[in-house]
Each structure stands twice: as structure tokens, then as C-alpha cells.
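To keep things clear, I will list the structure first and then write my remarks on it.
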Amino acid sequence: RHRPRTFDEVVGQEHVVRTLRNAVERDKVHHAYLFVGSRGTGKTSMAKILAACMNCVNGPTVEPCGQCESCVSIASASSLDVIEMDAASNNSVDDIRDLREKVAYAPVSGRHKVYILDEAHMLSPQAWNAFLKTLEEPPPRTIFVLATTEAQKVLPTVVDRCHRFDFGRPSVEQVATVLRRVSTSEQIEIDDGALALVARHATGSFRDALGTLEQLVTYV
């Protein structure tokens with residue numbers, strides 16, 4: 001619910017934002033990305049922003065409108081063209097064969113299909129080998145984003161075919177910025193001391209910080 005919707009709303013990860021913005025603006029978006037970073041640093045959020053940029057009715061654009069059918073469905077995780085898979089539970093060869101069959105179909109309503117593979121390092125070696133063929137000969141208008149906390153466990157041959165981005169842990173100040181923005185937009189009253197405490201407690205994870213904020217609101 002509190003995911004950033006556009007590149008402008010992303011706090012931290014400036015190098016990733018700048019490179020992806022340039023790629024969208026110059027129509028040079030790669031077919032495969034590897035997003036590496038500890039949990040809660042915004043990897044899948046960034047993947048969804050990229051998907052919105054590519055599939056917005058005004059797209060490709062670095063400022064998706066947030067209002068069109070595509071933007072709304074991506075934000076609510078109901079888009080048929082943005083497929084999120086958790087490799088921890090879909091890591092067999094059969095899962096990847098199934099994925100490869102679906103990849104062959106054209107986008108349903110958007111211009112591009114975007115596959116977000118979370119915890120990509122959990123794929124079995126056999127599944128990776130099956131997936132490699134798809135990465136080597138990607139269907140047109142298909143983008144893969146592999147997100148992982150453990151890049152060293154991803155096959156080097158797969159890494160070679162991806163553009164890699166490393167997501168740094170946000171500082172306490174950056175986490176606090178996001179918390180303040182969310183509490184303002186949700187009209188949650190929280191003093192600076194409590195906000196700083198939540199930000200510090202999150203140890204560099206936007207997701208954990210927002211989860212704690214949500215719990216506090218529920219209990220108060």
C-alpha cells in the first residue's frame with residue numbers, strides 16, 4: 001500500500017533510479033535485470049515502477065500517471081502483464097517450464113510483460129538451466145527482473161545476461177523520510193522521537209519500518 005509509485009518517490013538508490021530513468025527515456029530498457037540487496041530495500045517496488053513506466057497509457061514514460069487501468073492494476077497487484085513469482089516456493093523445473101510457456105504469449109493489456117522473480121537465488125540448478133534459454137532468447141516486449149538477497153548463489157551465466165544493480169541499505173534518515181511521508185499522507189499523528197525510534201529499529205529496511213508503523217497505528 002505504501003510502495004512508491006514513481007521514480008520521484010523513491011528515497012535512496014539514486015544510482016538505480018538514474019540509470020533506469022535514462023533507459024526508459026532513451027528506449028533502451030534491457031530485457032533482464034538483477035536487483036541485489038538486503039530485504040526491504042525496495043527491489044520489487046523498483047521493478048513495479050519500471051513496469052508502470054513501460055505500460056502506462058502515456059508510456060513508455062518516466063512519470064506513469066497512476067490513474068490509467070494499467071497503472072492502477074500494477075499498484076493493486078492485479079495486472080495480468082506484471083507477474084510476481086516467489087522463487088522460494090516456485091523453484092522447480094516444472095515451475096520454470098510453466099513460466100516459459102506463458103512467456104510465449106503476448107502482453108494482455110499492456111505493452112510489455114514484466115516478470116518479477118523474488119528470492120531468485122532459491123531456484124534449483126535445473127530450473128536455472130531451463131530459465132537460461134528464455135534469457136538467451138527473450139520474447140519481444142518481455143522484461144525479467146530477478147531480485148535476490150544473495151547474488152553469489154545466482155548462476156554466473158544468468159548474471160552475465162542481466163544488468164545488475166546493487167541496492168544499498170537506506171540510512172536512518174532516509175527511512176524516517178519515508179515514514180514521515182506515509183504518516184502525513186495517511187493522517188497519522190506521530191512525534192519525531194517515536195518516528196526516529198521506528199526508523200532506527202528497522203535496521204535499514206523500509207518494509208520493516210512501515211510494518212512497525214502499521215502495527216503502532218493498530219494498537220494505539
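Since the structure is predicted, the reported quantities are computational estimates derived from the model, not experimental observations.
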What's the separation between atom [atom1] in [X] and atom [atom2] in [Y], rounded to the nearest 0.5 Å?
X	Y	atom1	atom2	value
Thr19	Glu14	OG1	CD	11.5 Å
Met122	Leu117	CE	CG	11.5 Å
Thr134	Arg161	OG1	CZ	11.5 Å
Tyr115	Ile143	OH	CD1	12.0 Å
Lys113	Met54	NZ	CE	15.0 Å
Asp166	Gln13	CG	CD	9.5 Å

Are the side chains of [X] and [Y] in touch, meaning some heavy atoms are under 4.5 Å apart?
X	Y	result
Val11	Arg181	yes
Val72	Cys68	no
Cys53	Pro60	no
Thr149	His121	yes
Ser183	Arg180	yes
Val24	Thr61	no
Met46	Phe165	no
Val158	Phe144	no

For [Y], is there any backbone N or O sitting under 3.5 Å from a side-chain donor or acceptor partner on [X]?
X	Y	result
Arg111	Cys56	yes
Asp27	Ala23	no
Asn55	Ser70	no
His31	Leu135	yes
Arg169	Thr41	no
Thr218	Leu216	no
His112	Asp81	no
Glu9	Arg5	yes
Glu63	Thr6	no
His163	Val29	no

Linked, directly or transitively: [X] and [Y] (ILVMFWY side chains, under 4.5 Å):
X	Y	answer
Val145	Leu123	no
Phe131	Leu34	yes
Val62	Leu20	yes
Val16	Val114	yes
Tyr33	Val159	no

Of all heavy-atom pairs between [X] and [Y], which one has the smallest distance, and what is that distance?
X	Y	result
Leu146	Cys162	CD1-SG, 3.9 Å
Gly204	Pro170	O-CD, 3.1 Å
Ala209	Val175	CB-CG1, 3.4 Å
Ala199	Leu179	N-CD1, 3.8 Å
Ala130	Ile96	CB-CG2, 3.7 Å
Trp128	Leu155	CB-CD1, 3.4 Å

- Task: Kindly indicate, with the supporting measurements, whether the criterion side-chain contact (heavy atoms from CB on, under 4.5 Å) is fulfilled by Asp8 and Val10.
- Result: CA-CA 6 Å; Asp8 289 341; Val10 175; over 6 Å; no
- Query: Going through the checks in order, is the ring-ring contact (aromatic ring centres under 6.0 Å, His included) test met by Phe167 and Phe35?
  - Reply: CA-CA 7 Å; Phe167 284 62; Phe35 288 179; 5.0 Å; yes
Would you say [X] has more than 12 foreign heavy atoms packed within less than 6.0 Å of its [atom1]?
X	atom1	answer
Glu69	CD	no
His201	NE2	no
Glu189	CD	no

Does a salt bridge link [X] with [Y], judged by any charged N lying under 4.0 Å from a carboxylate O?
X	Y	answer
Lys48	Glu84	yes
Glu137	Lys133	yes
Asp95	Arg97	no
Asp118	Lys43	no

